[in-house]
Enquirer: 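Take a look at the following structure, please.
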Amino acid sequence: MKQIKNEKIYWTLFKHDQWKMYLAATVKGLCYVGSYDKGVEPLTSWAKSIFEEVHLEQNDEKLEPYIDEFKEYFEQKRNLFTFPVDLHGTDFQLLVWNALLDIPYGETFSYSQLASNLQRPNAVRAVASAIGANPVLMAIPCHRVIGKNGELRGYRGGIEMKKQLLELEKPLIHKQLHPCNH
């Protein structure tokens with residue numbers, strides 16, 4: 001699948017409250033979001049698996065627009081990312097990753113529901129595999145896909161991260177209190 005011979009990838013370590021993860025982008029857009037509290041090794045392994053020749057460069061300034069949107073997301077001020085993404089995958093993976101964008105913030109779909117939406121109801125395992133290969137966690141919201149029975153299943157960032165992201169995205173219910181006596 002190595003499509004591009006020479007690519008420069010800029011990266012930074014994103015830190016916000018308890019969240020710490022590596023973000024990486026090409027000049028075309030965000031290409032990688034690391035798992036919570038993991039080192040830089042998964043990023044370098046991913047980059048080497050995608051590109052024949054890759055140059056990784058730490059550059060906090062180039063990643064600033066992505067950092068800003070992720071901060072807003074974690075502060076519950078943003079429910080949709082607007083930055084560009086630069087995805088590298090098979091045609092089927094790209095199809096699945098694009099379908100994930102249709103899952104609304106605060107909602108979940110089952111793997112079988114997603115497969116049916118793609119008009120491939122018998123491809124549940126292939127859909128799950130494509131979801132597992134998603135390089136851009138949260139921006140492509142694979143954490144919103146759960147088991148048919150509501151159970152949290154596999155996530156590159158780990159089940160605890162998936163649970164925290166789903167909790168973060170729960171709609172806030174605002175109750176207006178009215179005093180009984182005036």
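Side chains included, hydrogens not; waters and symmetry mates left out as well; all remaining heavy atoms used. Positions are given from 1, in the same order as the sequence printed here.
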Enquirer: Can Lys162 and Glu160 be counted as an ion pair, charged N to O under 4.0 angstrom?
Expert: no

Enquirer: Any side-chain to backbone donor/acceptor pair from Ser116 onto Ser112? Under 3.5 Å, distance only.
Expert: yes

Enquirer: With hydrophobic residues grouped by side-chain heavy-atom distances under 4.5 Å, do Val136 and Leu80 end up in a single group?
Expert: no

Enquirer: Find out whether Tyr10 and Leu63 are in side-chain contact, i.e. whether some heavy atom of one side chain is under 4.5 Å from a heavy atom of the other.
Expert: yes

Enquirer: To the nearest 0.5 angstrom, please state how far the CG atom of Asp86 sits from the NZ atom of Lys28.
Expert: 5.5 Å

Enquirer: Give the minimum heavy-atom separation between Ala25 and Tyr66, together with the two atoms involved.
Expert: CB-CE1, 3.7 Å

Enquirer: Evaluate the side chain to side chain contact (heavy atoms under 4.5 Å, CB included) criterion for residues Leu13 and Lys20: first the C-alpha distance (whole Å), next the side-chain angles of each, then the deciding distance (0.1 Å), finally the verdict.
Expert: CA-CA 7 Å; Leu13 178 59; Lys20 184 175 89 174; 3.7 Å; yes

Enquirer: How far does NZ of Lys48 sit from CG of Leu43, to the nearest 0.5 angstrom?
Expert: 10.0 Å

Enquirer: For the pair Ser35 (side chain) and Lys38 (backbone), establish whether a donor and an acceptor sit closer than 3.5 Å, ignoring hydrogens and angles.
Expert: no

Enquirer: Is it the case that atom CG in Asn149 sees more than 12 heavy atoms from other parts of the structure closer than 6.0 Å?
Expert: yes

Enquirer: Is it true that Leu118 and Ile131 fall in one hydrophobic cluster, defined by side-chain heavy atoms closer than 4.5 Å?
Expert: yes

Enquirer: Rounded to the nearest 0.5 Å, what's the gap from CD on Glu151 to CD1 on Ile146? Could you check?
Expert: 9.5 Å

Enquirer: Does a sphere of radius 6.0 Å around CD in Glu61 hold more than 12 heavy atoms from other residues, nucleotides or ligands, not counting ones at 6.0 Å or beyond?
Expert: no

Enquirer: May I ask you to decide if the ring planes of His88 and Phe51 are parallel, tilted or perpendicular, using 30° and 60° as cut-offs?
Expert: perpendicular

Enquirer: Around atom CD of Gln119, are there more than 12 heavy atoms of other residues, nucleotides or ligands at under 6.0 Å?
Expert: no

Enquirer: Can you tell whether the side chains of Arg144 and Glu107 come within less than 4.0 Å, N to carboxylate O?
Expert: no

Enquirer: Check whether Leu94 and Met138 end up in the same hydrophobic cluster, where Ile, Leu, Val, Met, Phe, Trp and Tyr are linked by side-chain heavy atoms less than 4.5 Å apart.
Expert: yes

Enquirer: With a sphere of 6.0 Å drawn around CZ of Arg120, does it hold more than 12 non-hydrogen atoms of other residues, nucleotides or ligands?
Expert: no

Enquirer: Can we say Arg78 and Glu72 salt-bridge, meaning some charged N sits less than 4.0 Å from an Asp/Glu carboxylate O?
Expert: yes

Enquirer: Can you check whether Leu87 reaches Ile140 side chain to side chain, under 4.5 Å on heavy atoms?
Expert: yes

Enquirer: Does some side-chain heavy atom of Met21 sit less than 4.5 Å from a side-chain heavy atom of Val33?
Expert: yes

Enquirer: Can you confirm whether Phe109 sits close enough to Asn117 that some side-chain heavy atom of one is under 4.5 Å from a side-chain heavy atom of the other?
Expert: yes

Enquirer: Could you tell me which residues satisfy side chain to side chain contact (heavy atoms under 4.5 Å, CB included) with His16, sequence neighbours excluded, listed by chain and number?
Expert: Phe14, Lys71, Phe74, Glu75

Enquirer: Would a single hydrophobic cluster contain both Leu137 and Tyr36, if residues Ile, Leu, Val, Met, Phe, Trp and Tyr are joined by side-chain heavy-atom contacts under 4.5 Å?
Expert: yes

Enquirer: Taking C-beta and beyond as the side chain, do Trp19 and Gln164 meet within less than 4.5 Å on heavy atoms?
Expert: yes

Enquirer: What verdict does the side chain to side chain contact (heavy atoms under 4.5 Å, CB included) test give for Tyr111 and Arg153, after you've listed the backbone C-alpha separation in whole Å, the side-chain angles of each residue and the deciding distance to 0.1 Å?
Expert: CA-CA 10 Å; Tyr111 293 92; Arg153 302 236 167 115; 3.9 Å; yes

Enquirer: Stepwise, does the side chain to side chain contact (heavy atoms under 4.5 Å, CB included) test hold for Leu100 with Leu114?
Expert: CA-CA 8 Å; Leu100 292 170; Leu114 191 60; 3.6 Å; yes

Enquirer: Would you please test Leu166 and His143 for side chain to side chain contact (heavy atoms under 4.5 Å, CB included) and show each step?
Expert: CA-CA 7 Å; Leu166 291 173; His143 61 279; 4.1 Å; yes

Enquirer: For residues Asn134 and Cys142, report the shortest heavy-atom separation together with the two atoms involved.
Expert: ND2-SG, 3.2 Å

Enquirer: Counting N and O atoms only, with roles assigned by atom type, does the side chain of Gln76 sit under 3.5 Å from a partner on the main chain of Leu168, one being a donor and the other an acceptor?
Expert: yes

Enquirer: Please examine the side chains of Asp68 and Phe83, heavy atoms only from C-beta on, and report whether any two atoms are closer than 4.5 Å.
Expert: no

Enquirer: Rounded to the nearest 0.5 Å, how far apart are CE of Met161 and NZ of Lys163?
Expert: 15.0 Å

Enquirer: Is a side-chain N or O of Tyr32 found less than 3.5 angstrom from the main chain of Tyr22, in a donor-acceptor match?
Expert: no

Enquirer: Using the rule that Ile, Leu, Val, Met, Phe, Trp and Tyr join whenever any side-chain heavy atoms are under 4.5 Å apart, tell me whether Leu101 and Tyr155 fall into a single cluster.
Expert: yes

Enquirer: Ignoring hydrogens, what is the shortest heavy-atom contact between Val127 and Val96? Give both atom names and the distance.
Expert: O-CG1, 4.1 Å

Enquirer: Using the ring of each side chain (for Trp, its six-membered ring), is Tyr73 parallel, tilted or perpendicular to Phe81, with breaks at 30° and 60°?
Expert: tilted

Enquirer: Just wondering, do Trp97 and Pro135 contact through their side chains at under 4.5 Å, heavy atoms?
Expert: yes

Enquirer: Any side-chain donor-acceptor pair under 3.5 Å between Thr12 and Gln58?
Expert: no

Enquirer: Side chain to side chain donor-acceptor pair (under 3.5 Å) for Thr26 and Glu7? Distances and angles first, verdict last.
Expert: CA-CA 8 Å; Thr26 65; Glu7 186 69 60; 4.6 Å; no

Enquirer: Any non-hydrogen side-chain atom of Ile9 less than 4.5 Å from a side-chain atom of Trp46?
Expert: yes

